Amino acid sequence: MNQQESRLTFRKSRRRRYAVKVRTRFAPSPTGNVHIGNMRAAIYNWLFARHMGGEFLLRVEDTDIERSTPEAIKALLDAMDWFGLDIDGEPLYQTTRQQAHLEAAEMLLAKGLAYKEDKGGTGQGECVIFKMPGTDSSFVDGIKGEMTKKAENMQDFVIVRSNGTPVFHLANVLDDIEQGITHVIRGDDHVENTFRHIALYKALGADVPNFAHLPMIVNAQGKPYSKRDGDAFVGDFRDKGFLGDALFNYLALLGWSPGDDREVMTRKEMIEAFTLERCQSSAAQVDLRKLTWMNGEYMLKLSREEFDAIAFQALETAGIDAEPEYAEKVFGLVRERVKTVADIVPMVGYFFTEDFEYDEKAVRKKLQKDGVVEVLNQVKEIFQSLEVFNEATTDKALHDFVETSGLGFGAVMAPVRIAVSGIQSGPDLFPLLAVLGRSRTIERIDRTIDQFLQ
RNA sequence: GACCCCUUCGUCUAGUGGCCUAGGACUCCAGGUUUUCAUCCUGGCAACACGGGUUCGAGUCCCGUAGGGGUCGCCA
């Protein structure tokens, strides 16, 4: 009922401004790190704007001179780029607006809607305080429905500090007016502010936009993300090997669903299906396992070229020098088994060095057993005698060997695999051998015998 | 403490009074496919916070309780 009511009212208020195009915005302060909670708000704003055929703007709230460095701004823009959040128009930098903010404060003062006072008698001088109208306030939240607050529960608040700088509330509202924002979609932590902001809009003689408040996202312990949760920044997810598209999709689904069973969705599908009414009003918990699964789905959707480019990049950062043609063959082997970008290097390491590690347990359980030396020696001879060494010939040769020797597949394949790769799991053995090549395969078998089976 | 908000499987969710013996996804478990691992296929475990109403009928509406969260800055 509540949902239905809110939907109606929300539509009605939009119809009133029928000629106005929907405009949303992302208004972060550039601090060098973008929290995924903020990024999710950006995603929802973007999705909503695109769904409505409207515009998505960026406003950089860079008034904190200490933290708002050019690097921080670049990091912010990079994060948006990584997610593919394209903006309409030029970003508005809040520092360029200070004069306008101050003039508006003067206007409110002149109209008697604000007053000056040394709040709390600090002796720091007088600040400008906005006078709340003294009436009950209510608005219809696009997600939460009807919200009300009694006059006695709302206090006057500072809009210009005694040092002459504008406070968030004033700047934020004024800039939203300047940018023509029709829908303010932001975190739940702003609901209380909304009552203040609505009063400001009215005092300023501006149309009050629609508001929608997104529930917070919480960590794996179900607690709010704090500064200590190291993995809450967008950059951390990138470092952990997640793809921007996958994180985007995952975050979009964290608090919203299309209403049917779709989960892995294209941008187009998400844009088409996205509505505020379908957003959840309770907090959502981040589940890295599901994110990892979804990332795997996106890794699978990558084209050969895209995957190779990513894999080369990963190799490069790991300091591994790779010959392109060979590396591409290796990538082809692991392409479908990788869940995150970070999985690649550990999975292909042994292809690029003779100095790879042997898994101790694998050596103990599969290699250091009676008869293994003989098996490896015979396999080596078979490989040496092969006219051509490729996937098909090694496959046939080993299968023949298994048959004639009367040994099980496992008794032959496992030792060979460990001898050439050091580990028990990996790509299909024969393609692996083919990529490795005959000489390397034989050398590795020899070395394994010397090292563990003498 | 005051004000506001939230509550369906472990997690993300579907559910707008009868279609719900509550559906899907991730995870986990079992079986199958596979030379290994992953994939893939099949099956399984698992939830309406609690208590009262309203109603012929409640996960869905109302009230209360409990739990959780947000806000109470000359931070944003």
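This one's a predicted model, so the numbers in the text were calculated from it and none came from an experiment. Quick note on labels: first sequence line is chain A, next is B, and so on, each numbered from 1.
Across every non-hydrogen atom of A:Y358 and A:T448, the tightest pair is OH-OG1, 2.9 Å. Between A:I217 and A:Y225, the closest heavy-atom pair is O-CD1, 3.6 Å.
Side chain A:S281 to base B:C5: no donor-acceptor pair is found below 3.5 Å. Put simply, the side chain of A:N193 and the base of B:C72 share no donor and acceptor less than 3.5 Å apart.
Nearest to the side chain of A:K339, among B:U39, B:C26, B:A76, sits B:U39. Considering only the side chain of A:S282, B:U7 comes nearest among B:C4, B:U7, B:G24. The side chain of A:F168 sits closest to B:A76 out of B:G70, B:U7, B:A76. Checking B:G73, B:U35, B:A2 against the side-chain heavy atoms of A:K119 singles out B:G73 as nearest.
The phosphate of B:U13 (OP1 or OP2) has no side-chain N or O of A:Q285 nearer than 4.0 angstrom. Taking only side-chain nitrogens and oxygens, A:S425 never comes nearer than 4.0 Å to OP1 or OP2 of B:A38. Under 4.0 angstrom from either OP1 or OP2 of B:A76 there lies at least one side-chain N or O belonging to A:R161. At the phosphate of B:A14, OP1 or OP2 sits under 4.0 Å from a side-chain N or O atom of A:R278. Contact annotation: A:K290 side-chain N/O to B:A25 OP1/OP2 distance is not under 4.0 Å.
Counting heavy atoms from C-beta outward, A:L85 and A:F26 have side chains that stay 4.5 Å or more apart.
A:N249 has its CG atom 13 Å from the P atom of B:C26, to the nearest Å. Rounding to whole angstrom units, CZ of residue A:F409 and P of B:U33 are separated by 14 Å. Atom C1' of nucleotide B:U36 and atom OH of A:Y358 are separated by 17 Å, given to the nearest angstrom. Rounded to whole angstrom, the span from the CD atom of A:E263 across to the P atom of B:G23 amounts to 16 Å. Distance A:K366 NZ to B:U36 P: 9 Å, rounded to the nearest Å. Put simply, NZ on A:K150 is 10 Å from C1' on B:C3, counting in whole angstrom units.
Remark: A:R304 does not engage A:E328 in a salt bridge, criterion side-chain N to carboxylate O under 4.0 Å.
When heavy atoms are screened at a 4.0 angstrom cut-off, A:S162 is found touching base atoms of the nucleic acid. If you check every strand for non-hydrogen atoms under 4.0 Å, A:P427 touches a base. Residue-level contact check: A:Q280 touches the backbone only, with heavy atoms under 4.0 Å from sugar-phosphate atoms and none from bases.
Atom OH of A:Y250 sits about 10.0 Å away from atom CD of A:E263, to the nearest 0.5 Å.
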